[in-house]
> 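A single structure is presented below for examination.
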Amino acid sequence: LLCSIIYGIFCHYRYSYCKLIKVEDFSFFRNLFSFSGWSMLGGFANISAQQSGNILINVFNGVIANAGFGIASQISHAVSSFVNNFQTAFNPRIVKYYAQNDILSLNKLLLKTSSISFYVIWIISLPLLYNIDYILKIWLGSVPVYASEFSFLMLIYYFIDSTQAPLFMSIYASGNIRWYQICLSVLTMLNIPISLCLLYFDFNLISVLVVRIIINIVISFIRVFLCKKIFNFCVKRYCFNGLFRNLYVVSVSMFIMIILRKYFLCNTFVDVITNCIALIFIVSVTVFLIGFDKDTRCELMEAMKKVVLKS
């Protein structure tokens with residue numbers, strides 16, 4: 001509350017158009033509370049699904065397995081928060097293009113933001129996945145059961161979210177989020193009964209996260225469909241120039257990682273550092289050559305030239 005008051009005072013004196021006025025059209029509040037209410041519904045569904053996973057794992061397998069789930073959550077949240085901070089810079093432009101009805105620029109920005117977000121999280125995550133066992137051993141000493149498996153699946157979950165974040169931001173920019181939040185909430189809440197049934201019938205613990213990933217993929221298709229309906233989103237270009245190109249980069253990177261794992265071990269700290277540097281370099285080159293089209297590569301080259309000249 002104090003921070004909000006300080007923000008209000010600052011904006012009042014800093015910006016001439018930021019003034020307190022008497023509101024006579026109360027329909028504004030109705031729209032505002034409607035938007036906030038549907039957003040809260042989606043947030044409630046997400047929190048419920050996440051916390052229910054912790055509770056179910058704890059009930060069916062005890063605190064040791066739940067500790068592994070907690071470690072995986074910390075790792076994945078650290079990686080995803082980095083990407084979320086990066087994506088925040090693009091959100092005002094997404095809202096701006098939608099408000100201006102500049103659909104061509106909006107489609108280009110969504111495709112570019114989705115691809116770059118995915119590549120950033122992939123470059124960070126691949127060295128982590130390659131050395132996950134050694135990193136967990138150094139970090140924790142005694143590694144909880146399923147910690148590495150949970151970490152792998154949680155990162156896959158956030159891979160999907162990283163490509164979808166610009167899309168749900170564009171849906172929010174439209175203000176028409178009622179059916180989006182209803183579909184999102186219903187599907188997200190399905191995590192609870194499905195996971196409960198699987199664990200009750202003695203399925204593996206990782207099935208909890210597998211269910212979450214599958215439901216997230218279904219939500220992704222719904223999100224793309226809604227974007228197509230709301231502002232004529234170019235689905236074909238998004239799939240071929242975005243998703244399929246991303247999968248191609250992942251395939252090449254995984255092939256290189258398998259070769260490295262065959263010939264290079266991770267027995268010492270020096271091995272881990274060497275592998276991380278090698279993987280970051282190889283994946284970055286792969287992303288630059290395969291992940292980006294010719295125009296984007298030229299833009300990146302120009303940006304790097306400017307940075308070099310300034311230094």
Side-chain angles (χ1 to χ4, degrees), residues 35 38-39 42-43 46 79-125 155-184 187-188 213 215-250 286-303:
F35 186 89
W38 291 118
S39 299
N46 278 321
V79 175
S80 64
S81 62
F82 177 84
V83 179
N84 290 338
N85 292 332
F86 160 79
Q87 289 175 337
T88 302
F90 291 93
N91 290 341
R93 293 181 62 189
I94 292 174
V95 177
K96 175 185 175 183
Y97 287 144
Y98 182 86
Q100 294 176 341
N101 200 29
D102 189 352
I103 304 303
L104 180 61
S105 298
L106 179 60
N107 275 294
K108 290 181 179 179
L109 180 61
L110 291 177
L111 176 61
K112 186 177 293 185
T113 308
S114 297
S115 297
I116 293 176
S117 300
F118 180 85
Y119 296 145
V120 169
I121 197 172
W122 182 240
I123 290 172
I124 297 172
S125 300
L155 287 172
I156 291 177
Y157 178 86
Y158 283 108
F159 287 153
I160 300 169
D161 262 11
S162 67
T163 61
Q164 290 288 301
L167 298 187
F168 66 68
M169 187 61 208
S170 63
I171 295 174
Y172 269 61
S174 70
N176 185 18
I177 65 171
R178 177 183 177 183
W179 288 108
Y180 167 69
Q181 290 294 354
I182 290 174
C183 295
L184 173 72
L187 288 171
T188 303
I213 291 170
I215 290 178
N216 201 20
I217 293 173
V218 175
I219 292 173
S220 299
F221 282 110
I222 294 175
R223 206 173 273 135
V224 171
F225 170 77
L226 288 175
C227 287
K228 174 69 176 177
K229 184 179 179 181
I230 293 172
F231 60 88
N232 196 25
F233 179 57
C234 187
V235 178
K236 183 177 179 181
R237 186 178 181 186
Y238 177 75
C239 291
F240 284 95
N241 292 349
L243 297 181
F244 294 159
R245 194 185 288 266
N246 293 350
L247 292 175
Y248 188 28
V249 170
V250 170
T286 305
V287 167
F288 183 79
L289 296 178
I290 300 175
F292 295 130
D293 56 23
K294 184 178 179 181
D295 294 336
T296 306
R297 287 198 296 269
C298 291
E299 291 177 7
L300 288 174
M301 291 296 293
E302 289 296 326

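Small disclaimer: the values here were computed from a predicted structure and weren't measured. Numbering of residues begins at 1 and proceeds along the displayed sequence.
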> Take atom OH of Tyr248 as the centre, draw a 6.0 Å sphere, and report whether it contains more than 12 heavy atoms from other residues, nucleotides or ligands.
no
> Determine the interplanar angle of the Trp122 and Phe118 rings, folded into 0 to 90°, and report it as parallel if under 30°, tilted if 30 to 60°, perpendicular if over 60°.
parallel
> Yes or no on side-chain contact (heavy atoms from CB on, under 4.5 Å) for Ile94 and Asn91, after CA distance, side-chain angles and deciding distance?
CA-CA 5 Å; Ile94 292 174; Asn91 290 341; 4.2 Å; yes
> Can you tell me how far the CG atom of Leu184 sits from the OG atom of Ser39, to the nearest 0.5 Å?
10.5 Å
> Does the Tyr119 side chain pair with the main chain of Gly291, one donor and one acceptor, at a distance under 3.5 Å?
yes
> Check whether any side-chain heavy atom of Ser115 lies under 4.5 Å from a side-chain heavy atom of Asn246, and answer yes or no.
yes
> Considering non-hydrogen atoms only, spot the tightest contact between Tyr158 and Ile121 and give its length.
O-CD1, 3.8 Å
> To the nearest 0.5 Å, what is the distance between CZ on Phe292 and CZ on Arg297?
10.0 Å
> Tell me, do Leu109 and Ser105 make a side-chain contact under 4.5 Å, heavy atoms counted?
no
> Between Ser114 and Leu111 (side chain of the first, backbone of the second, donor and acceptor by atom type, cut-off under 3.5 Å), is there such a pair?
no
> Rounded to the nearest 0.5 Å, what separates atom CG in Leu226 from atom OH in Tyr180?
8.5 Å
> Between Ile230 and Asn176, what is the shortest heavy-atom contact and its length?
CD1-O, 4.3 Å
> If you take all heavy atoms of Tyr172 and Ile177, which pair is closest and at what distance?
CA-CG2, 3.9 Å
> Are more than 12 heavy atoms from other residues, nucleotides or ligands located less than 6.0 Å from atom NZ of Lys228?
yes
> Going by heavy atoms in the side chains, are Val95 and Met169 under 4.5 Å from each other?
yes
> Which residue pairs pass the salt bridge (charged side-chain N to carboxylate O under 4.0 Å, His left out) test when at least one of the two sits in residues 101-117, sequence neighbours left out?
Lys112-Glu299
> What pair of heavy atoms forms the shortest contact from Val224 to Gln164, and how long is it?
CG2-NE2, 4.3 Å
> Mind checking the CD1-SG spacing from Ile222 to Cys227? Nearest 0.5 Å is all I need.
12.0 Å
> Does the pair Ser174 and Phe231 meet the rule for a side-chain contact (heavy atoms from CB on, under 4.5 Å), with working shown?
CA-CA 9 Å; Ser174 70; Phe231 60 88; over 6 Å; no
> Under the side-chain contact (heavy atoms from CB on, under 4.5 Å) criterion, do Phe35 and Gln181 qualify, and how do the steps go?
CA-CA 10 Å; Phe35 186 89; Gln181 290 294 354; over 6 Å; no
> Quick one, Val120 and Ile116 - any side-chain contact, counting heavy atoms below 4.5 Å?
yes
> Can you see which heavy atom on Asn107 is nearest to which on Asn232, and at what distance?
ND2-O, 3.8 Å
> Return the CZ to OG distance between Phe159 and Ser125, rounded to the nearest 0.5 Å.
4.0 Å
> I would like to know whether Asn101 and Ile103 meet side-chain contact (heavy atoms from CB on, under 4.5 Å); could you show each step before the answer?
CA-CA 6 Å; Asn101 200 29; Ile103 304 303; 3.6 Å; yes
> Quick check: do Pro166 and Phe90 have side-chain heavy atoms less than 4.5 Å from each other?
no
> Look up atom CD1 in Ile215 and atom OG in Ser220, then write down how far apart they are to the nearest 0.5 Å.
11.5 Å
> What pair of heavy atoms forms the shortest contact from Ile160 to Thr163, and how long is it?
O-OG1, 2.8 Å
